[in-house]
Undergrad: 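Here it is, the structure in full.
Chain letters run A, B, ... following the sequence lines, proteins first, then strands; residues in each count from 1.
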There are 2 protein chains.
Amino acid sequence: MREGPDIARIASLVGDPARANMLNALMGGTALTASELALEAGVSLPTASSHLGKLMEGGLLTVASQGRHRYYGLAGPQVAGMIEAITGVAEAVGPKRVRPGPRDGAMRVARVCYDHLAGEQAVTMLDRLVAKNVLVRDEQEIRLGPSAASHFAAIGIDVYTKPRRPVCRACLDWSVRRSHLAGTLGAAILDKILAEKWARREKDSRAVIFSPPGRQAFERVFLT
Amino acid sequence: MREGPDIARIASLVGDPARANMLNALMGGTALTASELALEAGVSLPTASSHLGKLMEGGLLTVASQGRHRYYGLAGPQVAGMIEAITGVAEAVGPKRVRPGPRDGAMRVARVCYDHLAGEQAVTMLDRLVAKNVLVRDEQEIRLGPSAASHFAAIGIDVYTKPRRPVCRACLDWSVRRSHLAGTLGAAILDKILAEKWARREKDSRAVIFSPPGRQAFERVFLT
DNA sequence: AGGATGCTTCGATGAGGAACGAACCATGCG
DNA sequence: CGCATGGTTCGTTCCTCATCGAAGCATCCT
């Protein structure tokens with residue numbers, strides 16, 4: 001009967017199937033409207049609205065009103081990290097699929113995590129950036145190296161747009177068990193990848209599929 | 001309505017207050033009996049037994065029968081990591097205490113995480129071990145360095161007892177946001193600290209309090 | 001203005017599940 | 001062998017909370 005942060009409150013929010021589906025959908029990174037989330041969760045609009053209210057009150061979601069639309073999104077990287085942690089346990093504990101399907105393979109290679117790239121490809125990218133000293137890593141902390149500004153400017157990414165979020169952040173990859181790059185820089189890189197059409201998002205999934213020339217371009221820019 | 005690992009199932013297990021209290025208690029690292037957990041959760045024995053059954057079925061707990069006692073413990077480091085992640089969000093989102101209490105301070109400095117030491121002290125310890133090249137760090141992966149065996153043997157810790165769990169593992173510290181040492185080595189070090197009576201466990205808390213001479217001894221052995 | 005769309009609030013219904021007492025196994029002790 | 005102690009199972013009660021239809025706001029379009 002001890003006190004402490006109300007973990008049960010948070011967990012029970014995620015514990016409802018409808019809400020879990022919504023959060024899962026929002027792990028794609030793009031903010032979604034209430035009706036989209038209702039569809040995603042398989043419930044009626046009033047029900048979804050009620051759930052969204054609870055998630056808001058619990059601090060897991062943020063909302064941005066644009067006209068008559070209300071765009072809901074995850075409250076931050078920490079929430080996204082928690083979801084990935086729970087997903088990891090569910091993966092490990094759940095019915096072991098003997099043979100991972102093709103989509104699982106794609107997810108393992110490259111997927112969207114909240115607003116940045118995750119998967120093997122993202123992990124090797126971070127490795128290279130650190131090896132090239134573009135980024136400097138100290139445990140979980142990642143900072144910009146001396147050549148970072150010019151390096152990213154050449155690609156068309158401005159690392160100096162000052163947000164409230166950290167520019168760099170390490171995010172643990174549940175499939176590879178190593179870190180990839182999160183933060184605004186991670187988000188900007190994902191934007192770049194999609195804007196240049198090097199890769200496309202798999203519909204209704206967090207998987208990211210690179211086209212052959214897109215992959216080459218990506219490797220040339222980030223892995224050399 | 002998409003498929004995937006059943007995150008709602010896992011989260012709802014943690015989402016019940018009674019079960020959350022039990023899991024929290026087990027974060028102390030020591031396995032507890034059903035009646036102890038019932039007391040901890042503030043429910044009757046039958047209720048506790050039912051909850052424990054569900055947690056077992058969910059794969060979050062393991063049990064060891066010893067005589068007429070049944071000792072329940074967390075299923076593994078991954079589960080412990082998930083709980084810490086949820087705790088972190090609950091911390092961040094919950095009612096911001098304007099002034100952190102004294103116990104919070106102690107928790108920030110040194111606490112037990114499942115079966116190893118966490119907090120500022122644990123983080124600096126890992127830093128030093130890596131700096132001295134006793135441990136070699138590559139992202140989330142931590143391996144033994146060349147001098148590890150002799151170094152730990154001198155302290156009375158055998159790093160070669162081969163378990164099913166990894167010897168070294170990085171575990172993210174929610175208070176400091178950097179990694180500390182988990183795995184069997186992390187557990188062995190915590191054992192050492194308590195066996196040497198350098199520190200004692202705060203009753204009914206995960207806080208670890210070092211005595212002044214104990215702290216000196218700890219620093220001499222691990223931080224020099 | 002009038003109508004259409006997106007979303008929230010209200011109220012009623014229903015099901016899942018948390019709780020406990022009582023009875024039932026298992027182990028240890030004298 | 002009885003008796004106590006630690007745990008689980010069973011059955012019942014009760015309450016929370018998810019769900020949806022209908023009605024109510026708000027915003028945009030023409």
Undergrad: Touch check for B:Y71, heavy atoms < 4.0 angstrom, all strands: base, sugar-phosphate only, or nothing?
TA: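 No contact.
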Undergrad: Quick test of your reading of the model: are B:E36 and B:R70 salt-bridged, counting only N-O distances below 4.0 Å?
TA: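 Salt bridge absent between B:E36 and B:R70.
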Undergrad: Quick one: ring-ring contact (aromatic ring centres under 6.0 Å, His included) partners of B:H116, sequence neighbours excluded?
TA: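 ring-ring contact (aromatic ring centres under 6.0 Å, His included) check on B:H116 returns B:H180.
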Undergrad: Considering residues at least two apart in sequence or located in another chain, which fulfil the ring-ring contact (aromatic ring centres under 6.0 Å, His included) criterion with A:F218?
TA: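 In terms of ring-ring contact (aromatic ring centres under 6.0 Å, His included), with neighbours along the sequence ignored, A:F218 is linked to A:F210, A:F222.
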Undergrad: Round to a whole Å and report the spacing from CG of A:L52 to C1' of C:dT8.
TA: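 Value for this atom pair: 11 Å.
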Undergrad: With side-chain contact (heavy atoms from CB on, under 4.5 Å) as the test, would you mind laying out the steps for A:L185 and A:L135 before giving the verdict?
TA: CA-CA 11 Å; A:L185 181 55; A:L135 299 181; 4.1 Å; yes
Undergrad: For atom CD of B:E196, is the number of surrounding heavy atoms from other residues, nucleotides or ligands below 6.0 Å larger than 12?
TA: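 Result for CD/B:E196: enclosed.
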Undergrad: Is the shortest heavy-atom distance from the side chain of A:I86 to the side chain of B:V14 under 4.5 Å?
TA: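 Heavy-atom side-chain distance check fails, nothing below 4.5 Å.
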Undergrad: Tell me whether the OP1 or OP2 atom of C:dG17 has a side-chain N or O from B:K54 closer than 4.0 Å.
TA: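 For C:dG17, OP1/OP2 do not have a side-chain N/O of B:K54 under 4.0 Å.
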Undergrad: Going 5' to 3' on DNA chain D, which nucleotide is the first and which the last to come under 4.0 Å of a heavy atom in chain A?
TA: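 Extent of the interface on DNA chain D: D:dA18 to D:dC28.
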Undergrad: Show the distances under 3.5 angstrom between N or O atoms of the protein and N or O atoms of nucleotides 12-14 of chain C.
TA:
none

Undergrad: Taking B:S12 for its side chain and B:R9 for its backbone only, find out whether a donor-acceptor pair lies under 3.5 Å.
TA: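 Yes; at least one donor-acceptor contact below 3.5 Å.
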Undergrad: Round to a whole Å and report the spacing from CG of A:L37 to P of C:dG6.
TA: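 Nearest whole value for this atom pair: 14 Å.
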Undergrad: Atom CG in B:D191, atom CG in B:D115: separation rounded to 0.5 Å?
TA: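 One gets 8.0 Å once the value is rounded to the nearest 0.5 Å.
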Undergrad: For A:R68, give me all partners under salt bridge (charged side-chain N to carboxylate O under 4.0 Å, His left out), at least two apart in sequence or on another chain.
TA: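 Partners of A:R68 by the salt bridge (charged side-chain N to carboxylate O under 4.0 Å, His left out) criterion come out as none, since no residue qualifies.
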Undergrad: Answer with base, sugar-phosphate or nothing: what part of the nucleic acid does B:S50 contact at a heavy-atom distance below 4.0 Å?
TA: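 Result for B:S50 = nothing.
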Undergrad: Are A:R206 and A:E84 close enough for a salt bridge, meaning some N to O gap below 4.0 Å?
TA: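 Looking at A:R206 and A:E84, the cut-off is met.
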Undergrad: Round to a whole Å and report the spacing from CE of A:M22 to P of C:dC7.
TA: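 These atoms are roughly 12 Å apart.
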Undergrad: Name the residue closer to the 5' end of DNA chain D, choosing between B:T33 and A:S12 according to the nucleotide with the nearest heavy atom.
TA: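 The 5'-side residue here is B:T33.
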Undergrad: Go along nucleotides 20-30 of chain C 5' to 3' and tag each nucleotide: B for a protein heavy atom under 4.0 Å from its base, S when only backbone or sugar atoms are that close, - otherwise.
TA: BBB----BS--
Undergrad: So do A:V109 and A:V208 actually touch side chain to side chain, heavy atoms under 4.5 Å?
TA: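 Not in contact.
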Undergrad: Using atom CG of A:D16 as one end and atom P of C:dG17 as the other, report the distance to the nearest whole Å.
TA: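 Those two atoms, CG and P, are 11 Å apart.
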